[in-house]
Amino acid sequence: MYLISTVARSRYKWLVICFLVMFIVVYVPLQNDSLYPKEKHLKKASVPRPQVNATVAEHATIGEDLVNTDDGDIDDKEPLPTPQLYYVQESQCKIPYIDPFAAEVMKNFNPDTFETCTNQSDLVRPIFDMNRKKYVLQIDESVATQILQSSDIEYNCYYQEITRNADADSYNDLLPQIYFSQGYVVPLHVQALILACHEAANTSHILQKDAYALIQYKPLAPNLEPKPPTTPRKPSVFMFGIDSLSRINLRRTMPKVYKFLTRRGWYEMQGYNKVADNTFPNLLAVLSGYSPDTAKAKVCDTDNRGCFDRMPFIWKYFKSAGYLTAYGEDECGMNTFNYMKPGFIAMPTDYYHRPFLKGFTGEMETWKCANCTLTYCVGRRIQSSYVYDFGKEFAKRYVDERPIWGLFWSSSFSHDDYAMPAKMQNYVLQYLLDLQQDGIFEQSIVIFLSDHGARYGRLSFYSSGFLEERLPAMFIYLPPWFRAQYPQFAKALEINRHRLSSNFDLHNTLKHIIELGQPANAPPLPKANDCPTCQSLFHPVSRERGCHEAGISEHYCTCQPYKRISFDWSDRISQGVIDRINDYLYARNYSEICANLTLSYIHKTEIKLGLDISFHDDIPKLDVGYYRVKFKVQQNSADFMATVVYNNVTNHVDVDVETISRTNSYEEDSTCISHKLAKLYCICQSLLRT
Ligand SMILES: *[C@@H]1O[C@H](CO)[C@@H](O)[C@H](O)[C@H]1NC(C)=O
Ligand SMILES: *[C@@H]1O[C@H](CO)[C@@H](O)[C@H](O)[C@H]1NC(C)=O
Ligand SMILES: *[C@@H]1O[C@H](CO)[C@@H](O)[C@H](O)[C@H]1NC(C)=O
Ligand SMILES: *[C@@H]1O[C@H](CO)[C@@H](O)[C@H](O)[C@H]1NC(C)=O
Ligand SMILES: *[C@@H]1O[C@H](CO)[C@@H](O)[C@H](O)[C@H]1NC(C)=O
Ligand SMILES: *[C@@H]1O[C@H](CO)[C@@H](O)[C@H](O)[C@H]1NC(C)=O
Ligand SMILES: *[C@@H]1O[C@H](CO)[C@@H](O)[C@H](O)[C@H]1NC(C)=O
């Protein structure tokens, strides 16, 4: 019954979509603010939403019309105190709320305007024919006429297939050119193609060149046909990721997107705290439940080729539960499992985007916007759009038919510039609206996430830099049917919005989702290995929870945050740490061989606030306190970071030297000694660079 009704509905929806597409093409000029007409339900929100602060409200009203709900009923969330002072305010954990529009940040915040890669219309487009369940290539003759400025000149079009190279986790040389004409049916084996049309009489006169990844239809295996009476419904999961985006910076740079993410059914995990430094360990925790070190000890060394094929990634569990899986990331040079890592030998998921984008990037022109470090355009389109389109197409193909899981991740516009998401907000919002149009939000759980916040650059210099870095955006959406079927899970998410949570909890939540679709007597799945006290977020998290219980180490913990300070007195702390390092080298009789260290400059000094000191107040007088310093010494520009106890009266720094981190490479500096730990602090006299 479920199958029949959804097929019928998807037919109907296709008609609606066709009509809407026509409507939009005719009436809605591209990339303006008139997104409103695309809304399915135009009912106005009737209940005013709690506003944090007048400044926030002013910035957010641009997207006011977007706050409509799918059923007219605004939400059942308790209003927050105004203004909001904490993301989490519990006995063991107080994560301060940071005003994203604070004056010190806004005075340097000058977002660029959105740019397109081309203004020319598509000459060829692959259209999925719902009846034949195949792609056909549609040539728009009027575009050719426009480009050639004549309708009499003959032109021809060809495509070249892109295939995956398993050895390099990349693509093979393009396959030979295949010429096609209007309405050509793309063979099922073609997963991605580069195409071009040229003047018939002159093959070097290219009218347009383009590239597409396809979601070719995979028929449902007969044994996977859903049998509603015996198995519970399996919820699809669509994960939409943007690299280096803190929840603070999301509010600041993409207020319209943020507003979309506050609609009914969305739950923001405001106490979600990263568990590691950069993308790899943070995503690994979500996707496998392991930290790299434990994986190395218990599964395999992630630096070794083949290890990722053996890791118990979440997509394997989804796949064996009968889900179709997909995974895509942009900016191939820094892909999570390929940057300084060996990548995958076998395709990790049923649909895997990397080889295709590698091909597009390798074979098409690429372009960086002014002042951008990463590639903005690949061929005729924005780099991230290939991944988003892949995700959108995947969801559209299957969402009404069978359970899917997919992760679609972009780094290209957010990784190196905290302000650039502002330029992209309408573009990102449009994808969310497209997903809505395609019915994704009726069927699927959607997770809008990031891995961490700004780890360097301007944001890290503000007093809130510690929080910017550690609090990635994390929003979970539950579709109406799921909320109706599992009200207790919706209630738990509601509660957990203001409790501490981590990547390992998200991992367990994904496992929980898989278990929901299994027969009641199925054995439970293994939970996050590196955090035995972590849990599914569909159960309320304890109010007493601290970072340790959430698998978050002290260094990344925001429950008792550090605040960046810069005073004459606080500059003495770094000097004190250097004295302790010199004492250490002297005590081990290394002072003859290793240089006596002297301060070059202080990167930053942070004071730990503890549970009883508010981030929003001035720093109280404190004789003895915890501080974190990061500084550079003159000798070979070595960088160190230390967490210390400092007595502001006696000026004494208390620190176990062997806990001080060396934050740049020491390999070249300390070959004169062999003591494993002392090597971190020794700059050999003989190797001093001037
Ligand atoms: C909102 O926050 C800003 C910056 O923190 C502050 O200057 C302003 O007075 C606040 N407005 C209200 C209405 O609280
Ligand atoms: C597209 O058109 C806009 C508005 O005319 C212009 O500002 C922009 O530079 C054009 N983009 C390209 C890639 O030509
Ligand atoms: C063929 O097209 C190329 C590219 O547009 C052009 O440079 C060349 O002059 C053309 N050759 C002839 C014979 O028209
Ligand atoms: C690029 O950066 C420079 C210096 O920061 C600035 O003056 C210039 O306006 C920027 N260009 C664009 C297009 O943003
Ligand atoms: C200290 O090192 C020097 C040479 O580096 C050596 O001559 C001396 O015996 C050492 N002293 C101790 C107490 O180990
Ligand atoms: C190391 O440098 C400090 C000054 O930073 C100085 O007080 C100390 O005497 C020096 N130690 C040696 C062994 O040169
Ligand atoms: C440390 O001492 C200085 C005076 O030397 C004082 O101004 C400052 O407020 C003190 N810091 C704390 C955290 O007590």
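In listed order, ligands and their atoms are each counted from 1. Because only heavy atoms are used, hydrogens play no part in the values below, and waters and symmetry mates are left out as well, while side chains stay in.
- In this structure, the side chain of R545 engages the main chain of L500 through a donor-acceptor pair within 3.5 Å.
- Between Y97 and Y86, a ring centre-to-centre spacing not shorter than 6.0 Å is recorded.
- The side-chain heavy atoms of L261 and L250, taken from C-beta on, include a pair separated by under 4.5 Å.
- Side-chain contact check for Y386 versus D330: every heavy-atom pair is 4.5 Å or farther apart.
- Between Y431 and Y427, the distance from one ring center to the other falls under 6.0 angstrom.
- Against a heavy-atom cut-off of under 4.0 Å, N648 is close to the following atoms of ligand 7: 1 (C), 2 (O), 3 (C), 8 (C), 10 (C), 11 (N), 12 (C), 14 (O).
- At a heavy-atom cutoff of 4.0 Å, ligand 7 is contacted by the side chain of Y627 but not by its backbone.
- Of all atoms in ligand 2, listed by their number and element, those nearer than 4.0 Å to a heavy atom of T116 are 11 (N), 13 (C).
- The ligand atoms of ligand 2 that sit less than 4.0 angstrom from a heavy atom of C117 are 13 (C).
- Near P620, meaning under 4.0 Å from one of its heavy atoms, ligand 7 places the atoms 13 (C).
- Contact of the F640 side chain with the L597 side chain is registered, since non-hydrogen atoms from C-beta on lie closer than 4.5 Å.
- In this structure, CG on N249 lies 10.0 Å from OG on S244, to the nearest 0.5 angstrom.
- Between H415 and Y456, the ring-plane angle classifies as perpendicular under the 30° and 60° cut-offs.
- Between L622 and ligand 7, at least one pair of N/O atoms sits closer than 3.5 Å.
- Residues lining ligand 3 at a heavy-atom distance below 4.0 Å are given as N202, S204, H205, ordered by chain and residue number.
- Residues Y184 and Y159 meet the side-chain proximity criterion, which asks for heavy atoms closer than 4.5 Å.
- Of all atoms in ligand 7, numbered sequentially from 1 with element shown, those under 4.0 Å from a heavy atom of K621 are 6 (C), 7 (O), 8 (C), 9 (O), 14 (O).
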